[in-house]
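Written below as structure tokens is the structure these notes are about.
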Amino acid sequence: MATAGIPFLEGRYSPTLDMWPIEAKEFNRIHKFYENLRDARFTTTRCTKCGRVSYPPRVICPECYAEELEWIELPKKGRVGVVVEKWGGVPICFERPLIDAWIDLGKRSPVRHILSRVINCPPETLKEGDEVQLVVFEVPAHPIELKNETIRAERVFFAFEPVEK
Ligand SMILES: [Zn+2]
């Protein structure tokens, strides 16, 4: 993640500024979500007992409390419903504006709407009805203590980006 415009952070990475610090599989029971992302699959969980679909993915069903959940695919394209550009209060390692959108994944999606960050998008260009697609990117590897050793947690995360017209 770039730290453009902040000279003392240029080219550096601070774990204390990491918005997703516990994605290492040793500490995260939904790590399969990130492994699927790495395979270009956008997924979430569905309860095999009652059928409830959750997003974000869960380790326990919020409806019936079963732990028997399965991974299901979500569409990788959707249309923008509402878009918000944040110019103030943006975390220090993120470029301004931080763009978030309420995205409609379509009638046939197991999850109709999600909120996601939108990247690769010039300010004030994204509007309602625009098509966006999933984009997966590397998050800087994060050193974590595991028993007596330090390991590097290799990770990815996702956002959406405008589909070229
Ligand atoms: Zn359930």
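Counting starts at 1 for both ligands and their atoms, following the listed order. Computation of the quantities below employed the complete heavy-atom set of this structure, encompassing side-chain atoms and omitting hydrogens, waters and symmetry-equivalent molecules.
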Hey, can you tell me if F160 and F158 have their rings parallel, tilted or perpendicular (30° and 60° cut-offs)? perpendicular
Just to verify, which of L37, I119, N120 counts as forming a side-chain contact (heavy atoms from CB on, under 4.5 Å) with F137? I119
For R96, which residues count as a salt bridge (Lys or Arg N to Asp or Glu O under 4.0 Å) partner, sequence neighbours excluded? none
Total protein N, O or S atoms, the Zn ion (ligand 1), separation less than 2.8 Å: 4
Quick one: do K25 and E154 make a salt bridge, cutoff under 4.0 Å? no
Applying side chain to side chain donor-acceptor pair (under 3.5 Å), can you list everything that pairs with E145, at least two apart in sequence or on another chain? T150
Could you go through residues 126-133 and list every donor-acceptor pair under 3.5 Å that involves a side-chain atom there, pairing it with any protein atom two or more places apart or in another chain?
| residue | atom | partner | partner atom | Å |
| --- | --- | --- | --- | --- |
| K127 | NZ | D130 | OD1 | 3.3 |
| D130 | OD1 | K165 | NZ | 3.4 |
| D130 | OD2 | K127 | N | 3.0 |
| Q133 | NE2 | E161 | OE2 | 3.1 |

